[in-house]
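Working notes, structure below.
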Amino acid sequence: MAETIGIVGSGLIGRSWAMLFASAGYKVKLFDIEQKQVQCALKEIESQLKELERTKLLRGKLSAKEQLGLISGTSNLKDCVTGAFLVQECTPEILEIKMKALRDLDAVVQAPTIISSSTSTHMPSVLSKSLKNKERFVVAHPVNPPYYVRLVEIVPAPYTESWVPVKVRALMETIGQVPVSLKKEIAGFSLNRIQYVILNEVWRQVQDGILDVADVDKVMSEGLGPRYAFLGALETAHLNAEGMVSYCDRYASTIYSVSQSMGPTPHMEGKALEDIQRQMCERIPLEKLQERRQWRDACLTKLSLLKKEVESLPVTGLLRK
């Protein structure tokens with residue numbers, strides 16, 4: 001049957017990757033250092049797959065039972081990586097933990113297996129510089145929650161062999177994700193750099209008494225968000241004028257001027273943090289976070305289905321891809 005994928009780490013990201021790979025027919029070996037954690041992860045995956053099938057939101061052409069049959073667990077790292085086309089590292093986002101996991105992986109992986117990390121913050125060259133298999137190392141950073149948000153950032157280290165990110169991109173497309181390929185590594189990759197710009201500005205607007213938390217979030221959810229769900233920032237600008245040259249003729253000087261007024265990057269601490277936390281907890285108490293996450297995931301799933309439906313719609317003779 002299909003090639004095998006190894007997954008190191010049985011947390012949320014690891015479980016999500018297991019479900020995604022199995023949905024496309026790949027055999028998956030899920031590793032954790034404790035067998036109890038492995039068994040808990042497999043039970044959680046079974047529960048999620050059955051619920052997705054019940055609600056007709058299961059990805060792929062295989063049934064929940066067939067997908068679950070492709071996923072096995074192990075507490076033996078060598079068993080996880082043996083014969084694997086790719087091993088996806090999904091340990092917690094703590095540098096020391098990731099470095100240890102990658103060193104352990106490096107000791108048992110053999111060519112041509114690819115080592116891929118799910119890291120969202122650590123540079124590929126930092127994680128892999130001491131690995132003997134570093135030329136086959138790449139970052140494949142998913143967006144949380146990966147099963148419902150399809151973007152994956154593929155980031156090579158300076159010494160990653162050129163075929164590796166190409167293969168990983170093709171794999172992501174096979175399982176229904178939407179990969180973007182960074183030509184070189186950069187701190188924060190692409191998504192977080194853009195996300196941080198937005199977070200910094202909304203923080204400043206609350207801190208400076210311009211908008212409260214509820215209203216500044218509406219600027220995204222009811223203003224920018226609906227457009228950005230289907231169009232990128234550059235395409236939005238392109239369509240808002242007669243192309244990008246026209247847009248820049250109209251707005252570039254204003255954009256530059258306003259950007260100069262945005263002030264220093266906030267530290268996100270102190271009184272402003274206390275105020276934002278208070279306002280957020282008034283809207284969503286901490287004990288209701290999981291309930292709200294489930295609501296978020298349901299919304300993202302519905303949006304994903306809508307995006308699939310409209311992807312092939314003709315728009316003035318063009319296909320939206």
Side-chain angles (χ1 to χ4, degrees), residues 5-24 26 28-55 57-60 64 67-68 70-75 77 80 86-102 105 115-122 127 139-155 168 171-172 175-179 189 191-192 195 284 286-304:
I5 303 292
I7 297 178
V8 174
S10 63
L12 173 62
I13 299 299
R15 298 194 303 269
S16 297
W17 276 124
M19 292 163 60
L20 287 167
F21 287 123
S23 74
Y26 287 91
V28 179
K29 291 183 180 179
L30 181 65
F31 166 83
D32 204 294
I33 56 175
E34 294 186 13
Q35 188 62 33
K36 182 180 179 181
Q37 291 295 106
V38 174
Q39 295 307 315
C40 288
L42 293 176
K43 287 181 180 178
E44 177 63 22
I45 289 171
E46 180 179 14
S47 174
Q48 288 188 48
L49 290 176
K50 287 181 177 178
E51 178 63 15
L52 288 164
E53 186 171 57
R54 185 188 69 80
T55 54
L57 297 175
L58 187 68
R59 288 174 61 163
Q67 292 184 28
L68 186 64
L70 292 170
I71 305 171
S72 60
T74 181
S75 55
L77 185 58
C80 174
L86 173 142
V87 179
Q88 187 74 28
E89 175 271 315
C90 305
T91 58
E93 197 65 19
I94 299 170
L95 183 59
E96 293 76 14
I97 293 176
K98 285 196 176 293
M99 294 288 279
K100 182 183 186 307
L102 290 169
L105 261 177
I115 302 175
S116 176
S117 174
S118 298
T119 184
S120 60
T121 58
H122 301 301
L127 291 176
V139 164
H141 167 228
V143 182
N144 194 28
Y147 198 86
Y148 307 103
V149 182
R150 296 189 294 164
L151 185 78
V152 180
E153 296 181 291
I154 300 172
V155 191
V168 175
L171 175 63
M172 294 302 144
I175 66 175
Q177 298 301 87
V178 178
F189 313 148
L191 183 140
N192 276 327
Q195 179 174 234
I284 309 165
L286 296 181
E287 64 271 17
K288 297 287 187 180
L289 286 178
Q290 185 56 29
E291 184 179 323
R292 187 65 168 176
R293 291 186 189 111
Q294 292 171 347
W295 175 85
R296 173 203 65 188
D297 293 350
C299 292
L300 289 171
T301 302
K302 294 290 187 181
L303 178 61
S304 179

From H141 atom NE2 to F189 atom CZ, the distance as rounded to the nearest 0.5 Å:
7.0 Å

Where is the tightest heavy-atom contact between P146 and I13, given as atom of each residue plus distance?
CG-CD1, 3.9 Å

On a heavy-atom basis, which atom in Q35 and which in T74 lie closest, and how many Å separate them?
OE1-C, 4.1 Å

Derivation of the side chain to side chain contact (heavy atoms under 4.5 Å, CB included) call for F21 and L30:
CA-CA 11 Å; F21 287 123; L30 181 65; over 6 Å; no

Examine distances only and state if a side-chain atom of N192 and a backbone atom of S120 form a donor-acceptor pair shorter than 3.5 Å.
yes

Correct closest heavy-atom pair for L86 and S116 would be CD1-CB, 4.0 Å

Any side-chain hydrogen bond (donor to acceptor under 3.5 Å, both in side chains) pairs touching residues 15-24, not counting sequence neighbours?
W17-S118

Roughly how far, to the nearest 0.5 Å, is CD of Q88 from CG of L105?
10.5 Å

How close do R292 and I284 get, counting heavy atoms only, and between which atoms?
NE-CD1, 3.8 Å

How many angstroms lie between CD in Q177 and CG in L151, if you round to the nearest 0.5 Å?
8.5 Å

Run I71 and V28 through side chain to side chain contact (heavy atoms under 4.5 Å, CB included) and show every step you take.
CA-CA 5 Å; I71 305 171; V28 179; 4.2 Å; yes

How close do S10 and D32 get, heavy atom to heavy atom, and via which atoms?
OG-OD2, 2.6 Å

Restricting to salt bridge (charged side-chain N to carboxylate O under 4.0 Å, His left out), what partner residues turn up for K302, sequence neighbours left out?
none

Minimal heavy-atom distance between R59 and Q67, with the atoms involved, is O-NE2, 2.8 Å

Beyond-backbone contact of L95 with L127, side-chain heavy atoms, under 4.5 angstrom:
yes

CD1 of I94 to CE of M99: how many Å apart, nearest 0.5 Å?
14.0 Å

ring-ring contact (aromatic ring centres under 6.0 Å, His included) partners of F31, counting only residues at least two apart:
none

Those residues that, when tested against Q290, pass side chain to side chain contact (heavy atoms under 4.5 Å, CB included) (two or more places apart)
R293, Q294

Close side-chain approach of V149 and N144, heavy atoms under 4.5 Å
no

Roughly how far, to the nearest 0.5 Å, is the CD1 atom of I154 from the CE atom of M172?
6.0 Å

Of all residues at least two apart in sequence or in a different chain, which pass the salt bridge (charged side-chain N to carboxylate O under 4.0 Å, His left out) check with K98?
E89, E93

Do the side chains of L171 and I5 get nearer than 4.5 Å, heavy atoms only?
yes

Considering only distance and modelled atom types, tabulate donor-acceptor pairs under 3.5 Å from the side chains of residues 37-54, sequence neighbours left out.
unit_1: E44; atom_1: OE2; unit_2: Q48; atom_2: NE2; d: 3.0
unit_1: E46; atom_1: OE2; unit_2: K50; atom_2: NZ; d: 3.1
unit_1: E51; atom_1: OE1; unit_2: R54; atom_2: NE; d: 3.0
unit_1: E51; atom_1: OE2; unit_2: R54; atom_2: NH2; d: 2.7
unit_1: E53; atom_1: OE2; unit_2: A64; atom_2: N; d: 3.0

